[in-house]
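One structure is given below, encoded as structure tokens.
Chain letters run A, B, ... following the sequence lines, proteins first, then strands; residues in each count from 1.
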2 protein chains.
Amino acid sequence: MAQLQKSIEKRNALVKATIHLVNNNGFHATPMSKIAKMASVSPATIYLYFDNKQDLVNKVYIEVKAAFTAYAFKNYNTDIPVAEGFEIIWKRIADFKLKEVQEAMFLAQCDNTPMIDETSRQEGLKHLQPLLDLWERGKQEGIIKPLSPYLLYAYSINPLSFLMVMQQRGVFQLNQDHLEDAYRAAWDSIKK
Amino acid sequence: MAQLQKSIEKRNALVKATIHLVNNNGFHATPMSKIAKMASVSPATIYLYFDNKQDLVNKVYIEVKAAFTAYAFKNYNTDIPVAEGFEIIWKRIADFKLKEVQEAMFLAQCDNTPMIDETSRQEGLKHLQPLLDLWERGKQEGIIKPLSPYLLYAYSINPLSFLMVMQQRGVFQLNQDHLEDAYRAAWDSIKK
DNA sequence: AGTCATAAAATGAACGTTCATTCTTTTTTT
DNA sequence: AAAAAAAGAATGAACGTTCATTTTATGACT
């Protein structure tokens, strides 16, 4: 029991170190030796928890993505009206990206590079279904534009990633007023 | 003269090969030997044109970025009214991303990873000034929302990158109708 | 409770490979 | 013939992964 506990701690440390180092250096410029060192572990120990480097980063991606969507949909259920549901989800996503900066940065990098296996990418996409359902409902009720989900996503949700990256690079400071403006822009771009 | 001519061809081949290989494998999974092979050149020859691998990718980034912005602002000048100017620029950007897919993918990857030096990133940003000026004018005339340029960019220009990546991954096909919809969403999100 | 045998977990060193870069030689151009 | 450009082979460092060994935890038996 104490043994299992310890293992989980080590695994978490490895995941955390991977996120941090990949954010700063990229996947291929992050040696296993450095991940091990940051997690206070021997390089060989990584291979007790993961098959290899690719498996490590795939698993980290899927776990972070799952955590992200769990957070995003926490206060949402299908009984809530479309406009309100969208606002709830959008603001939770913004929350996540502002609070869990490292995790969000990691996802942004994964989504824009060939770093992740295609299958893991697909896996990560599945979790977004509630949002797609909401948009479908919104279209049927004539509340939002009859557009492809990719367009809806591109103009309402995805811009948050861009803003977060800019904030992270220190080029501008994102505050609560900005977020209200951003939400308004997001809604204006998809509402009918 | 004939010698210089030949050199430029080799250099172009190297740039092209770098873009292609980095798009498919990422920066660090693209060995100089493969770039050389794809450009039909010896690895050593690369070092006649570029200082090292980092210098190569930085220069490719800046050149592609310059080509991109030159294309974007081709038909625009400061006498054109704000709304019309925005439409011209937006559609040229969309054009570029659809026609020069490899170049656009390369920029998207550079903008979301630690692959490029910070100074090169800054350098690439400078070229966007005409768009910033246009927004400033739009705000003063009360035509577009009084928002930070980062918000304006995030909700009007940047989504195109997302759409292009999705298209490139084959998850959906972007056609002319989509582009009209996308432009409408872009404008709705920033107009007052 | 304490001892010890066994198994699991963890380690550091070592291996084989890959890669960026350099060096020496050959080819091409002037 | 001299200089510039290009080539391929060589070099040394870094990396992912494995291996042999040590450390730690577990549980049976006194």
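In this entry the distance linking CG of Leu14(A) with C1' of dT11(C) reads 14 Å, nearest Å. In this structure, Asn52(B) atom CG and dC19(C) atom C1' are separated by 14 Å, rounded to whole Å. Rounded to an integer number of Å, the gap from Asn25(B) CG to dC19(C) P is 10 Å. In this structure, Phe50(B) atom CZ and dA6(D) atom P are separated by 13 Å, rounded to whole Å. For the pair Lys53(B) NZ and dT22(C) P, the interatomic distance rounds to 15 Å; values are reported in whole Å. Across the protein-nucleic acid pair, Met32(B) atom CE and dA9(D) atom P stand 18 Å apart, rounded to whole Å. Distance OH (Tyr49(A)) to P (dA9(C)): 8 Å, rounded to an integer number of Å. Taking atom CD1 of residue Ile8(A) and atom C1' of nucleotide dA9(C), one finds them 15 Å apart after rounding to whole Å.
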Side-chain polar contacts of residues 55-62 of chain A - donor-acceptor pairs under 3.5 angstrom, sequence neighbours left out - could you list them?
unit_1, atom_1, unit_2, atom_2, d
Asp55(A), OD1, Lys59(A), NZ, 3.3
Asp55(A), OD2, Asp51(A), N, 2.9
Asp55(A), OD2, Lys59(A), NZ, 3.1
Asn58(A), OD1, Gln54(A), NE2, 3.3
Asn58(A), OD1, Asp117(A), N, 3.2
Asn58(A), ND2, Gln54(A), O, 3.4
Asn58(A), ND2, Asp117(A), OD2, 2.8
Tyr61(A), OH, Asp111(A), OD1, 3.1

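Taking Glu103(A) as the reference, Lys16(A), Ile19(A), Val64(A), Phe96(A), Glu100(A) meet the side-chain contact (heavy atoms from CB on, under 4.5 Å) condition, with sequence neighbours excluded. Evaluation of the side-chain contact (heavy atoms from CB on, under 4.5 Å) rule for Lys91(A) yields Glu87(A), Glu180(A), Tyr183(A) as partners, not counting sequence neighbours. Partners of Glu84(B) according to the salt bridge (charged side-chain N to carboxylate O under 4.0 Å, His left out) rule, which considers only residues two or more places apart in sequence or in another chain, do not exist here. Every residue meeting the side-chain contact (heavy atoms from CB on, under 4.5 Å) condition with Ile143(B), not counting sequence neighbours, appears here in chain and number order: Val82(B), Glu141(B), Trp187(B). Partners of Asn12(A) by side-chain contact (heavy atoms from CB on, under 4.5 Å), not counting sequence neighbours, listed by chain and number: Ile8(A).
Against DNA chain D, the stretch residues 36-48 of chain A makes heavy-atom approaches under 4.0 Å through Ala44(A), Tyr47(A).
Cluster annotation: Tyr155(B) and Val171(A) are assigned to the same hydrophobic cluster (Ile/Leu/Val/Met/Phe/Trp/Tyr, side-chain heavy-atom contacts under 4.5 Å, transitive).
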Asp188(B) vs Lys191(A), salt bridge (charged side-chain N to carboxylate O under 4.0 Å, His left out): CA-CA, chis, key distance, verdict: CA-CA 9 Å; Asp188(B) 282 351; Lys191(A) 77 150 196 284; over 6 Å; no

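Legend: ring pair (Phe, Tyr, Trp, His ring centres under 6.0 Å) pairs involving residues 102-151 of chain B, not counting sequence neighbours, sorted by first then second residue: Phe172(A)-Tyr150(B).
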Look for any protein N or O under 3.5 Å of an N or O in nucleotides 15-17 of chain C and output each such pair with its distance, or none.
none

